[in-house]
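Read the structure below first, then the notes.
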Amino acid sequence: MLKQRLIELLTQAAGEAQQMGKLPSIALPEVTIERPQNPEYGDYASSFPLKLARSVGVSPLTIANDIVELTTPGPEIDTITVAPPGFINFTLKSDWLTNQIDSILAAGNAYGNAVLGQGSRVQVEFVSVNPTGPLHVGHGRGAILGSTLGNVLASAGYDVEKEYYINDTGNQVDAFYRSLNARYQQCLNIDAEMPSDGYFGSYMVELAKEIAAEEGDRFLTIPEQEAISQLGQLGLEKMINQIKSDLELLGVSFDVWFSERSLYDNEQYQTAMSLLRQADYIREKEGATWFVSTALGEDKDNVVLRSDGSPTYFASDIAYHYNKFIERKFDRVINIWGADHQGHISRMKAVVGALGVNPERLEVIISQMVTLRRGNELIRISKRSGDIITLREVIDEVGVDACRFFFLSRSADSQMDFDLELAKRESADNPVYYVQYAHARIASILRLAQQRGVNYEDGDVSLLSKEPELILIRKMLLLPEIIEIVANTLEPHHLTYYAQDLATVFHSFYKQCRVISRNEALTKARLKLVEAAKVVLAKTLQLMGMAAPEKM
RNA sequence: GCGCCUAUAGCUCAGCGGACAGAGCAUCGGUCUUCGGAACCGAGGGUCGUGGGUUCGAAUCCCUCUAGGCGCGCCA
């Protein structure tokens, strides 16, 4: 990538300056290259001399001049200039810029891909909602975050596996089973009482009705414990399928659906525990079994086995992470959790460390709360009690692409209001349509060219020299950097801003430069440009999981 | 009490050590005899929550305080 080459260029020049005695022989700070926001400062800039001046005691301007004198720029660089108080600014040659159009067209859908990951295996685990109820908007946020991150990491050269962890055992599942049984009996006119810790949402009634309709009253004829278990498993399976189809609707897919229960069925839980026990991180006290996280700097220990001998969710998580790192040997594991799991991060990292794995290999992204509202009316999204607005209803109301874009456009760190009224009102005037419109517009131009039988394969891109053309190319060349940034920071929201910028620059170009005109040579050149822009736009939309429509 | 997140233009949010702080929406004013006006061009609008500190340089880093959110279960 060009940025990398500029870094090398400056590093080398600084090294030479040292050899010539123009700079003292000290360890040089890392060369950084920025994108100046003001185009007057060129395409790239470095504040390296300013940083260096501190330790060297030489004026930054002098350093900048010395370094620039020693650079031997490649064919892509037009000018390297020094600007006060000590910046080095680079501008790109316009014929190099225009040549990139051919590279983009040649790369096609692979444009922007990187080799950052070098094929290392990264797991992204997300959503992983208890299958005791339907998904709501908050879950949608995590889902979109995860699937987009998966796309970007794959494009950055990682071997990505997306995974949904199914909590199919434990207290909450048990409560779900008993609730379903009660609702089922009620369906069949039996005066059953809902458990106090049960799930009271109306979806449970619907679920029970569905099962009663399909299975009749056969669960009444077997022992109740047996019935609860069979009925529960059936209900759970249905809930999982519903979750699966809701996610599919959102364009979110998984490579693996991982069962929590399987950790106990195949002894991985026992293996993980004995590993920790050997390392002396497991102790018995107060009748329960604890993970001694205080030994690892945590402020308290955590129960893994209750006094009744049943494992906590934390026990499962220990086994699960043992499985991720040691059984399946992922190089990196990324977990996306809701803000309410924040406190779980440090002890999970402690566990990973205790298992002998570098805790840095576990990265947790916390997505902050989403509150759903309709105008001023707050809508509760608690699954436990009462009714909720499901993710599906929200998608039906505002549309998949708008939904994805909306969730993606805010950083995971900041909480957000999802105002249904606003989302619908804005949907006609939504940034996502603005971006998609640019794509459709290009498609329409290319259709016209085809109708007129214009073959532009031999178009000469060096004819492109107008400002709007070059600005568009410059913006297209930013995508690889965006992909790299998102892959490194795990912050996909940058994509939405880039998409809007790219669309803006295209629309502006479109207004100022007629593509298909009487000037045949220019027409061909511009068709190439426009097709390349379509490639970049489509790639950006694809990474975000959104449609790139030919017409709309 | 402790931990994490947030506070930037009227609204929703980017920017997170560098050059005059940006975008969308909203407001106001312009642009249509040609490829899709779901478009384009322009204007106004900000002591970057408060007070300190570090630095040649701070919205960005450190500390104080204020406000809001989420945690601190033998729930997940």
Side-chain angles (χ1 to χ4, degrees), chain A residues 32 34 36-38 40-41 45-48 50-51 53-54 59-60 83-87 89 128-130 132 167 170-173 175 197 260 286-290 299-300 302-317 337-346 366-369 371 384 406 409-417 419 422 425-426 428-431 433-438 440-449 451-452 489 491 493-494 496-498 500-501 503-504 506-518 523 526-527 530 551-552:
Chain A
T32 55
E34 298 112 46
Q37 64 278 45
N38 186 335
E40 277 174 31
Y41 298 130
S46 179
S47 57
F48 179 62
L50 287 162
K51 293 193 169 69
R54 188 178 331 192
S59 112
F87 290 99
N89 296 330
S128 300
V129 176
N130 268 354
T132 51
N167 303 107
N171 283 343
Q172 298 196 1
V173 170
D197 61 345
E260 176 183 1
E286 296 161 29
T289 304
W290 300 69
D299 49 10
K300 58 192 183 65
N302 300 92
V303 172
V304 283
L305 287 180
R306 304 186 182 92
S307 356
D308 67 1
S310 65
T312 62
Y313 85 104
F314 184 53
S316 299
D317 262 1
W337 292 344
D340 51 343
H341 288 63
Q342 170 65 237
H344 192 43
I345 298 177
S346 63
I366 291 298
S367 84
Q368 293 296 323
M369 293 289 151
T371 51
R384 202 104 193 189
F406 183 75
S409 60
R410 279 134 177 97
S411 85
D413 285 335
S414 51
Q415 50 199 57
M416 57 192 272
D417 274 6
D419 184 342
L422 196 72
R425 180 153 26 100
E426 283 186 354
D429 194 23
N430 198 294
Y433 299 118
Y434 178 81
V435 176
Q436 290 178 322
Y437 179 67
R441 217 176 198 185
I442 294 173
S444 146
I445 296 170
L446 296 178
R447 275 196 300 273
L448 181 69
Q451 266 170 37
R452 298 201 181 162
T489 62
E491 291 174 347
H493 66 271
H494 300 293
T496 62
Y497 289 87
Y498 173 69
Q500 282 184 87
D501 282 354
T504 297
F506 169 75
H507 285 308
S508 177
F509 154 82
Y510 175 86
K511 201 71 182 180
Q512 295 173 74
C513 303
R514 174 144 187 115
V515 177
I516 298 173
S517 67
R518 289 210 176 79
T523 296
R526 284 186 174 161
L527 280 169
V530 150
K551 289 180 181 175
M552 55 192 284

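Values reported hereafter were calculated over all heavy atoms of this structure, with side chains retained and with hydrogens, waters and symmetry mates removed. Only a predicted model underlies this, so the values are computations on that prediction, with no experimental measurement involved.
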* Structure fact -> Its dot-bracket string being built from Watson-Crick and G-U pairs below 3.5 Å, with | for another strand and [ ] for crossing, RNA chain B has the pattern (((((((..((((....[...)))).(((((.......))))).....(.(((..]....))).))))))))....

Using the [atom1] atom in both, what is the distance from [N] to [M], to the nearest Å?
N: B:rU31; M: B:rG68; atom1: C1'; value: 44 Å
N: B:rC72; M: B:rA59; atom1: P; value: 37 Å
N: B:rU60; M: B:rC5; atom1: P; value: 16 Å

* To do: For the pair A:Y510 and A:F506, name the ring-plane relationship: parallel under 30°, tilted 30 to 60°, perpendicular over 60°.
  => tilted

* To do: Ignoring hydrogens and angles, state whether a donor on the side chain of A:S310 or A:D308 is under 3.5 Å from an acceptor on the partner side chain.
  => yes

* Which part of the nucleic acid, if any, lies within contact of A:E286, taking any heavy atom under 4.0 Å across all strands shown: a base, the sugar-phosphate backbone alone, or nothing? -> base

* Could you pull out all residues at least two apart from A:E260 that satisfy side-chain hydrogen bond (donor to acceptor under 3.5 Å, both in side chains)? => A:N167, A:S316

* Mark yes or no for whether A:S47, through its side chain, and A:F87, through its backbone, hold a donor-acceptor pair below 3.5 Å. => no

* Asked: Starting at the 5' end of RNA chain B, which residue's closest nucleotide do you reach first, A:A440 or A:G170?
  -> A:A440

* Is the phosphate of B:rA14, meaning OP1 or OP2, less than 4.0 Å from a side-chain N or O of A:S414? -> yes

Report, one pair per line, the protein and nucleotides 66-72 of chain B atoms (nitrogen or oxygen only) whose separation is under 3.5 Å.
| residue | atom | partner | partner atom | Å |
| --- | --- | --- | --- | --- |
| B:rG69 | O4' | A:Q415 | NE2 | 3.3 |
| B:rG69 | O2' | A:Q415 | OE1 | 3.2 |
| B:rC70 | O2' | A:A339 | O | 3.1 |
| B:rC70 | O2' | A:D340 | N | 3.4 |

* Structure fact -> Residues passing the side-chain contact (heavy atoms from CB on, under 4.5 Å) test with A:S128, sequence neighbours excluded, are A:E125, A:Y165

Table of protein N/O atoms under 3.5 Å from nucleotides 39-43 of chain B N/O atoms:
| residue | atom | partner | partner atom | Å |
| --- | --- | --- | --- | --- |
| B:rA39 | O2' | A:R441 | NH1 | 3.2 |
| B:rA39 | N3 | A:K511 | NZ | 3.4 |
| B:rC40 | OP1 | A:Y434 | OH | 2.4 |
| B:rC41 | OP1 | A:S508 | OG | 3.3 |

Report all interatomic pairs (protein N or O, nucleotide N or O of nucleotides 54-59 of chain B) with separations under 3.5 Å.
| residue | atom | partner | partner atom | Å |
| --- | --- | --- | --- | --- |
| B:rC56 | N4 | A:R54 | NH2 | 2.8 |
| B:rG57 | O6 | A:R54 | NH2 | 2.6 |

